[in-house]
Amino acid sequence: MAPIRIAHPDDAAAVQAIYAPIVEQTVISFELDPPSVAEMRRRITYTLETLPWLVHLDAAGAVNGYVYASRHRERAAYQWSVDVSAYVRADARGQGVAGRLYRALFDELVPLGYCQAFAGITLPNGPSVALHESVGFRPLGVFRKAGHKRGAWHDVGWWQRELQDVVTPQALRTFGGR
Amino acid sequence: MPQLVDCTEARHAGAILDILNDAIVTSTAVYDYQPRPPASMGPWFATKRANGFPVLGLEDDAGTLLGFASYGSFRAWPAYHHTVEHSIYVQRDHRGRGHARQLLTALVDAAQAHNRHVMIGGVDADNAASLALHRSLGFETCGTIRHAGYKFGRWLDLVFVQRILPTPAHPAEI
């Protein structure tokens with residue numbers, strides 16, 4: 001056991017418990033209804049077929065944060081770009097958990113061949129902006145009124161982090177999940 | 001066939017910790033008394049990452065980590081930049097099959113790729129297998145620090161071995 005490991009479908013309950021309050025109580029996620037544990041299990045399993053999904057453990061070995069990558073867009077020329085997301089349990093925030101998760105995620109994405117990572121942040125969110133910039137993200141721009149939730153329109157800022165600078169990208173490798 | 005891999009925290013921290021802690025509590029290969037907590041592996045990988053120190057692993061076909069090798073700073077002062085101190089660990093059930101040789105050979109290659117100049121191993125004087133391995137791969141004995149450590153109720157002698165690499169082509173003060 002170590003603080004960061006590859007997620008397992010059985011982490012779905014812990015992951016759902018972290019994510020559901022963020023969906024229900026904030027505009028950080030643009031989902032309107034919290035996904036079920038079964039749905040989170042499906043997402044973890046689906047992601048791990050090709051891309052990394054990592055979890056961070058607390059001192060007792062329970063999942064207190066997670067990070068994953070997804071395809072940035074479906075068109076083939078985008079294939080070397082990923083979107084990334086990290087979520088941390090309320091009691092574990094402000095301790096560098098998300099930063100460690102992101103660095104570990106980058107360590108997985110680079111050897112697979114991915115070149116650019118993007119992250120969307122519902123604005124304003126100072127702590128999230130600071131976190132992303134601390135691990136190398138740079139601001140790109142703002143999608144204004146990109147979503148409507150909890151009775152208001154919300155802007156989404158996008159940040160980019162270069163994973164590797166290559167002239168000719170190589171064929172992507174699948175994560176394999178082990 | 002065992003396969004060389006670059007270790008990452010997410011994939012290998014747990015297995016590395018298990019191998020390290022077994023060596024700590026059962027041997028004089030590490031001059032450390034207490035097993036390290038899982039939380040130590042985050043900073044361990046962060047230091048490797050920040051300094052460009054490779055962490056090489058050897059996995060079997062099922063992805064089980066058989067052993068690993070890495071290096072770190074020999075001493076912190078800037079003029080030591082080109083010198084690194086390495087370590088190699090093989091899981092106890094997989095020793096005696098040449099895995100350490102494969103790991104150390106790959107680590108020497110990595111050190112050259114990173115333009116290091118001197119590799120140093122600190123080997124417990126009782127670790128005949130490690131001393132023989134290093135000699136066979138061109139490491140020379142620098143000397144022995146007698147009574148360098150104390151563990152299991154006795155003084156431990158530490159043998160330093162070194163190998164000078166042809167790199168870097170153009171050394172500079174960093």
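Values in this document were obtained by computation on a predicted structure and should not be read as measured data. Atom set for the values below is all heavy atoms of this structure, side chains included, hydrogens, waters and symmetry mates excluded. Within every chain, numbering begins at 1; the chains are lettered A, B, ... in the order of the sequence lines, protein sequences first and strands thereafter.
- At a heavy-atom separation below 4.5 angstrom, chain B is approached by R103(A), A104(A), D107(A), E108(A) within residues 89-117 of chain A.
- In this structure, D32(B) places its CG atom where more than 12 heavy-atom neighbours from other residues, nucleotides or ligands lie under 6.0 Å away.
- Atom CD1 of residue I4(A) and atom OG1 of residue T8(B) lie 10.0 Å apart, to the nearest 0.5 angstrom.
- Smallest separation of non-hydrogen atoms from P3(A) and P38(B): CD-O, 2.8 Å.
- Contacts with chain A were tallied for P37(B), S40(B), A39(B); A39(B) has the most, counting heavy-atom pairs under 4.5 Å.
- In this structure, L156(B) belongs to a hydrophobic cluster whose other members, linked by side-chain heavy atoms under 4.5 Å apart, are Y31(B), F74(B), W77(B), Y80(B), V118(B), I120(B), I145(B), L158(B), F160(B), I164(B).
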Distance-only donor-acceptor pairs under 3.5 Å for side chains of residues 97-108 of chain B, two or more places apart:
from, atom 1, to, atom 2, distance (Å)
R97(B), NH2, D93(B), O, 3.0
R101(B), NH1, S136(B), OG, 3.2
R101(B), NH2, S136(B), OG, 2.8
T105(B), OG1, R101(B), O, 2.7

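- By the neighbour-count criterion of 12 heavy atoms within 6.0 Å, atom CZ of R75(B) is sparsely surrounded, having that number or fewer from other residues, nucleotides or ligands.
- Sorted by first then second residue, the salt bridge (charged side-chain N to carboxylate O under 4.0 Å, His left out) pairs that include residues 122-151 of chain B, not counting sequence neighbours, are D126(B)-R154(B).
- By the 6.0 Å contact criterion, OH on Y46(A) is open, its count of non-hydrogen atoms from other residues, nucleotides or ligands being 12 or less.
- A 6.0 Å sphere centred on CZ of R95(B) holds more than 12 heavy atoms belonging to other residues, nucleotides or ligands.
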